[in-house]
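This one's a predicted model, so the numbers in the text were calculated from it and none came from an experiment. Just follow the structure's listing: the first ligand is 1, and inside any ligand the first atom is 1. For this chain, numbers begin at 1 and follow the sequence in order.
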Amino acid sequence: MLAYDLIGSGLIALGALSIATMRVGAVWGVSARGQTISAQAAASEGAPIRDGDRQYHQHSDASVVELEGNMGPRLIIVSNRVAVPEPGNRQMAGGLVVAVKAALRNRTGVWFGWSGKIDETETVEPRIVEHNHITYAVIDLSKNDFEEYYNGLANRVLWPILHYRVDLQEYSRADHSGYMRVNRQFADKLSAFLREDDVVWVHDYHLMPLARELRARGHLNPIGFFLHIPCAPLDILRTLPHHDEILGALTYYDLVGFQTENDRDNFAAYLLAMPGAKKGRGLTFEVEGRQTRIGAFPVSIETATYARLARNAARSPFAKEMTESLTGLRLVLGVDRLDYSKGIIQRINGFNRFLEDNPEWRSHVTLLQITPRSRSDIKDYAAIENEVTTLISRVNGRYGEASWTPIRYVNRSHSRAALAGIYRAANVALVTPLRDGMNLVAKEYVAAQDPENPGVLVLSQFAGAAAELTGALIVNPHESDAVAAALKRALGMPLSERRERHGPMLQHLLVHNIELWAADYLAALAETRQRPSLVSDLLAFLGPSRSSADRWAIPDARRQA
Ligand code: F6P
């Protein structure tokens with residue numbers, strides 16, 4: 001699943017979505033510079049027209065369609081990265097992307113976030129793309145925003161801390177304020193097209209303060225948050241300077257979802273340590289009069305679809321070529337983004353130990369490590385790349401022969417189908433993260449197997465998936481001997497035991513699939529609502545200290561609501 005092509009057919013690029021204050025009842029337009037103009041003038045210059053609460057474009061060009069024409073509740077998904085389906089766009093499809101697409105399937109929805117592009121010209125309006133009933137609304141980031149918000153606080157501070165790597169965090173006040181600034185930008189853009197009956201679902205650590213910003217702009221909508229990565233224990237969370245401003249902001253959401261009960265309980269401990277926080281009924285907490293509920297919602301995959309994809313992919317020319325290239329060798333597979341949290345070094349050390357201890361397996365097995373590069377501007381990512389390549393060449397140099405390479409190392413990403421075919425061909429998957437929110441490679445490997453002749457999953461006890469995939473051989477990746485022993489056991493496992501282990505895991509994933517995940521989360525969100533007085537409380541608190549009074553103004557229509 002790590003990557004697949006998103007080549008859109010029948011894409012419709014829309015005109016700009018404009019932002020303006022509301023004038024309920026009147027029909028009027030908004031110029032490209034944000035000024036109110038007549039509906040006729042708007043139509044002639046292709047600008048959006050507002051009619052009461054509705055906003056639409058009036059064009060003779062059929063390629064332009066309306067954004068806000070559909071009435072009824074919409075699901076507004078917000079995430080840092082948005083997988084905009086554009087022709088020729090080959091995109092990484094991490095867990096978040098697959099999850100968001102499932103949430104939007106069969107629902108009227110908008111997916112809002114960063115386009116993945118850097119542009120110095122300030123985007124006044126999001127760019128809109130409509131594809132397969134999903135409206136994508138994206139903004140570009142400036143170089144400075146990208147550096148301070150994405151590379152900075154999100155990936156040099158929050159990512160390592162939440163993955164228990166306090167030693168790698170590089171906090172700076174500039175990055176902190178960049179993170180807050182981009183969250184405000186997201187809120188400003190989003191605020192303009194939010195309707196009162198929209199349900200908002202925010203994803204991942206880049207956007208923790210977003211609900212507070214939206215509440216401050218008067219939005220009473222149900223707003224949920226889901227953390228795709230782990231949540232560390234209290235003492236680790238507290239190493240984040242000014243953690244109350246960032247982690248504490250999660251209390252402005254109605255529902256905060258985590259991958260596992262362990263992550264959820266870590267956050268519960270954090271909440272209870274907040275001054276004035278009280279535990280309410282069940283998993284509800286009250287902080288400064290706000291009520292927030294927390295829960296565990298283990299993310300999953302489209303199990304049946306993925307199993308079908310793998311079955312078909314196994315017959316593809318790509319899979320055949322790959323299998324032929326193995327010339328009878330057993331295949332051990334590792335698939336990860338190049339990231340220090342994935343335990344790639346520990347996996348190679350384990351494989352090295354396996355070859356050392358089991359000379360009879362040399363020349364009979366190969367480890368295929370597929371590792372697309374990521375976040376390469378960050379020094380820890382460059383460092384892990386050097387470490388991995390050095391270690392692999394050492395192992396290949398030590399054990400390799402002219403006719404046999406112990407480890408095949410590939411940095412390019414593969415299409416979703418090609419990857420499914422590789423999963424199906426692999427005798428063993430080695431999934432050894434040091435800490436992982438869920439790890440969908442593990443789930444996809446299980447789904448991709450031939451149930452009659454399945455491979456074996458060797459899985460780190462520190463992946464969220466370990467709580468569900470109990471038929472895997474569970475290992476501590478820090479112990480090379482244990483990884484080597486599990487690998488030996490997996491390669492020699494009789495068919496009957498492989499089936500016994502695989503069958504229940506597949507059954508579990510067929511039921512606990514991505515559709516169920518989205519439905520469970522949204523049902524829980526629907527049950528939880530913030531108290532209406534929250535917004536006035538918040539404004540009283542924030543009002544005078546903010547630089548721009550306008551930014552916090554609530555339109556009259558909303559204030560009455
Ligand atoms: O786990 C968080 C996550 O969003 C994954 O879903 C995805 O694989 C990865 O991070 C993408 O990271 P980035 O957007 O920094 O490339």
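- For ligand 1, the polar-atom distance check finds an N/O of Tyr150 within less than 3.5 Å of one of the ligand's N/O atoms.
- Both the sub-6.0 Å distance and the 45° axial angle are satisfied by Arg290 relative to the ring of Tyr252.
- Heavy atoms of Ile229 found under 4.0 angstrom from ligand 1 belong exclusively to the side chain.
- Of all atoms in ligand 1, listed by their number and element, those nearer than 4.0 Å to a heavy atom of Arg81 are 13 (P), 14 (O), 16 (O).
- Classification of Arg215 and Asp254 as a salt-bridged pair holds, one side-chain N sitting under 4.0 Å from a carboxylate O.
- Taking the six-membered ring where tryptophan is involved, the planes of Trp517 and Phe226 are perpendicular, since the angle between them exceeds 60° and thus also 30°.
- If you check each of Gln259, Arg375, His203, His228 against atom 10 (O) of ligand 1, the one with the closest non-hydrogen atom is Arg375.
- In this structure, Gly95 has a heavy atom closer than 4.0 Å to ligand 1.
- Atoms of ligand 1 lying under 4.0 Å from at least one heavy atom of Arg337, given by number and element, are 8 (O), 9 (C).
- Within the 6.0 Å centre-distance limit, the rings of Trp201 and Tyr521 are counted as a close aromatic pair.
- Neither the backbone nor the side chain of Asn80 comes within contact range of ligand 1; no heavy atom lies under 4.0 Å.
- Seen from the ring of Trp159, Arg165 does not count as a face-on cation partner, given the 6.0 Å and 45° thresholds.
- Residue Asp204 has at least one heavy-atom neighbour below 4.0 Å for each of these atoms of ligand 1: 2 (C), 4 (O).
- Using a 4.0 Å cut-off between charged nitrogen and carboxylate oxygen, Asp198 and Arg74 count as a salt-bridge pair.
- Every atom of ligand 1 with a heavy atom of Leu96 under 4.0 Å away is listed here by number and element: 4 (O), 6 (O).
- Here the closest non-hydrogen pair linking Gln259 and Val299 is OE1-N, 3.0 Å.
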